[in-house]
Amino acid sequence: MTGELMVKAEGVHKSYGAAHILRGIDLEVRSGEVFCLVGPSGSGKSTFLRCINHLERIDGGRLSVDGQLVGYRQKGDKLYELKDSEVAAQRRDIGMVFQRFNLFPHMTALANVMEAPVQVKGESKAVARERAERLLDRVGLGDKMGNYPSQLSGGQQQRVAIARALAMEPKLMLFDEPTSALDPELVGDVLDVMRDLAESGMTMIVVTHEMGFAREVGDSLVFMDGGVVVESGHPRDVLTNPQHDRTKAFLSKVL
């Protein structure tokens, strides 16, 4: 089911001033895997996710996606940061969906999904439009293509944001608590889209509080706290039989 190594983190550190947010993260995500990151607020989950596409620069260790170092090139035993244009080229292959939808308010749903392939990849509008229509159909919004974000619910906006990320045909999708800003009754529609994406074989790293989704859809689950990986394993094993006291304490509050 899962294949080659897609993401490899080796001793990843990240600090903001005196605050040491990531304290040596080691983990591996295989191609086709749904990899869930859970833990309390401030544990470093979202920071780690942002390091994967170099929205945050790491301070130590190594991060690679599909065999390529992210944000750096190695010469001898030294790492040199890539130019902005080179980082942007790497990011094209990594889709990201944020808590807040970050759609362009002055553009329709269709235009939001078309924008990056046309502007970044130089695709023709006809090709981009055909794919955008297909993707909006796929996320259940075929009848909302001409609507502006202000005319859509939060759940609909988040599904447009997923379609927009998919429009770049990424090899990896990152989800940063994609349902946390939504009203409870809108969460299911977004999780259904993510479930469909998982079934199609997309490699996904999901920071989430939705333990049911992690249990049903996830292939691996990591519990983070205080900038370290406390426990990892198959979601059902970790959620039903946690081994560490810290994991048990966290799950007793959220399950």
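- For His244 and Phe223, the distance between ring centers is not under 6.0 angstrom.
- Side-chain atoms of Arg215 never come within 3.5 Å of backbone atoms of Pro235 as a donor-acceptor pair (strictly under, hydrogens ignored).
- Closest non-hydrogen pair, Pro178 versus Val207, comes out as CD-O, 3.7 Å.
- Side chain to side chain, Arg195 and Ser200 fail the donor-acceptor criterion of an N or O pair below 3.5 Å.
- The CD atom of Gln157 sits 9.0 Å away from the CG atom of Asn112 when rounded to the nearest 0.5 Å.
- Cluster membership for Val230 and Leu221, using ILVMFWY side-chain heavy atoms within less than 4.5 angstrom, is shared.
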Any chance you could lay out the salt bridge (Lys or Arg N to Asp or Glu O under 4.0 Å) test for Glu4 and Arg30, step after step, and finish with the verdict?
-> CA-CA 6 Å; Glu4 301 291 312; Arg30 304 218 153 256; over 6 Å; no
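- Residues Ile52 and Val70 share a closest heavy-atom pair of O-CG1, 3.2 Å.
- Summarising the geometry, atom NE2 belonging to His13 is positioned 5.0 Å from atom NE2 belonging to His20; distances are rounded to the nearest 0.5 Å.
- No hydrogens or angles considered: a donor-acceptor pair under 3.5 Å links the side chains of Glu33 and Ser220.
- Side chains of Leu182 and Phe101 form a contact here, defined as non-hydrogen atoms less than 4.5 Å apart.
- By the 4.5 Å heavy-atom criterion applied to side chains, Gln90 and Leu82 are counted as neighbours.
- With rounding to the nearest 0.5 angstrom, the NZ atom of Lys75 is 6.5 Å from the OH atom of Tyr80.
- Between Met114 and Leu110, the closest side-chain pair of non-hydrogen atoms falls below 4.5 Å.
- A single hydrophobic cluster is seen to contain both Val139 and Met145, as judged by linkage of ILVMFWY side chains at heavy-atom distances under 4.5 Å, directly or through other members.
- Side-chain contact between Val12 and Arg62 is absent, with no heavy atoms from C-beta onward closer than 4.5 Å.
- Smallest separation of non-hydrogen atoms from Pro170 and Met202: O-CE, 3.6 Å.
- Listed for the Arg50 side chain is no donor-acceptor partner under 3.5 Å among the backbone atoms of Leu55.
- In this structure, the side chains of Val222 and Val38 stay at 4.5 Å or more apart for every pair of heavy atoms.
- Taking the six-membered ring where the residue is Trp, Tyr72 and His54 present perpendicular rings, their angle passing 60° and hence far from 30°.
- In this structure, Ser153 contributes its side chain and Gln156 its backbone to a donor-acceptor pair below 3.5 Å.
- When side chains are defined from C-beta on, Phe35 does not count as touching Val206, because their heavy atoms never get closer than 4.5 Å.
- Side chains of Glu56 and Tyr16: a donor-acceptor N/O pair is present below 3.5 angstrom, by distance only.
- With hydrogens and angles disregarded, a donor-acceptor distance shorter than 3.5 Å links the side chain of Thr108 to the backbone of Ala111.
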Given Met204 and Leu172, is the side-chain contact (heavy atoms from CB on, under 4.5 Å) satisfied, shown in steps?
-> CA-CA 6 Å; Met204 299 162 62; Leu172 170 66; over 6 Å; no
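- Remark: side-chain polar atoms of Lys171 are not paired, donor with acceptor, to backbone N or O of Asp66 under 3.5 angstrom.
- In this structure, CD on Glu81 lies 10.0 Å from CD1 on Ile58, to the nearest 0.5 angstrom.
- Taking both residues in full, the closest heavy atoms of Leu136 and Ala163 are given as CD2-CB, 4.1 Å, listed atom of the first, atom of the second, then distance.
- For the pairing with Asp225, the salt bridge (Lys or Arg N to Asp or Glu O under 4.0 Å) check across Arg246, Lys45, Lys248 returns one residue only, Arg246.
- Not a single donor-acceptor pair under 3.5 Å links the side chain of Glu185 to the backbone N or O of Asp183.
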Where do Ile21 and Ser15 land on the side-chain contact (heavy atoms from CB on, under 4.5 Å) test, with the steps shown first?
-> CA-CA 5 Å; Ile21 306 298; Ser15 297; 6.0 Å; no
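- Distance check: Glu177 CD to Ser46 OG gives 5.0 Å after rounding to the nearest 0.5 Å.
- Counting heavy-atom neighbours within 6.0 Å of Asp84 CG, excluding the residue itself, gives a total of 12 or less.
- Of all non-hydrogen atoms in Gly155 and Leu186, the two that sit nearest each other are N-CD1, 3.7 Å.
- Summarising the local packing, NZ of Lys125 is surrounded by 12 or fewer heavy atoms from other residues, nucleotides or ligands at distances under 6.0 Å.
- Nearest heavy atoms, Asp219 versus Gly32: OD2-O, 4.0 Å.
- Looking only at side-chain heavy atoms (C-beta outward), Val29 and Ile205 come within less than 4.5 Å of each other.
- If you check the side chains of Thr247 and Glu231, you find a donor sitting under 3.5 Å from an acceptor.
- For the atom pair CG (Leu197) and CE (Met173), the distance works out to 5.5 Å, reported to the nearest 0.5 Å.
- Considering only heavy atoms from C-beta on, Pro40 comes within 4.5 Å of Phe250 through its side chain.
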Residues Val97, Asp176; criterion side-chain contact (heavy atoms from CB on, under 4.5 Å); working and verdict = CA-CA 6 Å; Val97 177; Asp176 188 6; over 6 Å; no
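- In this structure, Glu86 pairs ionically with Arg73, as a charged nitrogen and a carboxylate oxygen lie closer than 4.0 Å.
- Hydrophobic cluster membership is shared by Val190 and Val187, with clusters built from Ile, Leu, Val, Met, Phe, Trp and Tyr side chains linked at under 4.5 angstrom.
- Proximity of a side-chain donor or acceptor of Gln119 to a complementary backbone N or O of Ala116 within less than 3.5 Å is not detected.
- Without hydrogens or angle criteria, Lys8 side chain to Leu63 main chain gives no donor-acceptor distance under 3.5 Å.
- Leu49 is not connected to Phe175 by any chain of hydrophobic side-chain contacts under 4.5 Å among Ile, Leu, Val, Met, Phe, Trp and Tyr, and they are in different clusters.
- Judged by distance alone, with hydrogens and angles left aside, the side-chain atoms of Thr208 form a donor-acceptor pair with the main-chain N or O of Glu210 at under 3.5 Å.
- If you chain together hydrophobic residues whose side chains sit under 4.5 Å apart, Val217 and Met211 never meet in one group.
- Judged purely by atom type and a 3.5 angstrom limit, Arg131 uses its side chain to pair as donor or acceptor with the backbone of Ala167.
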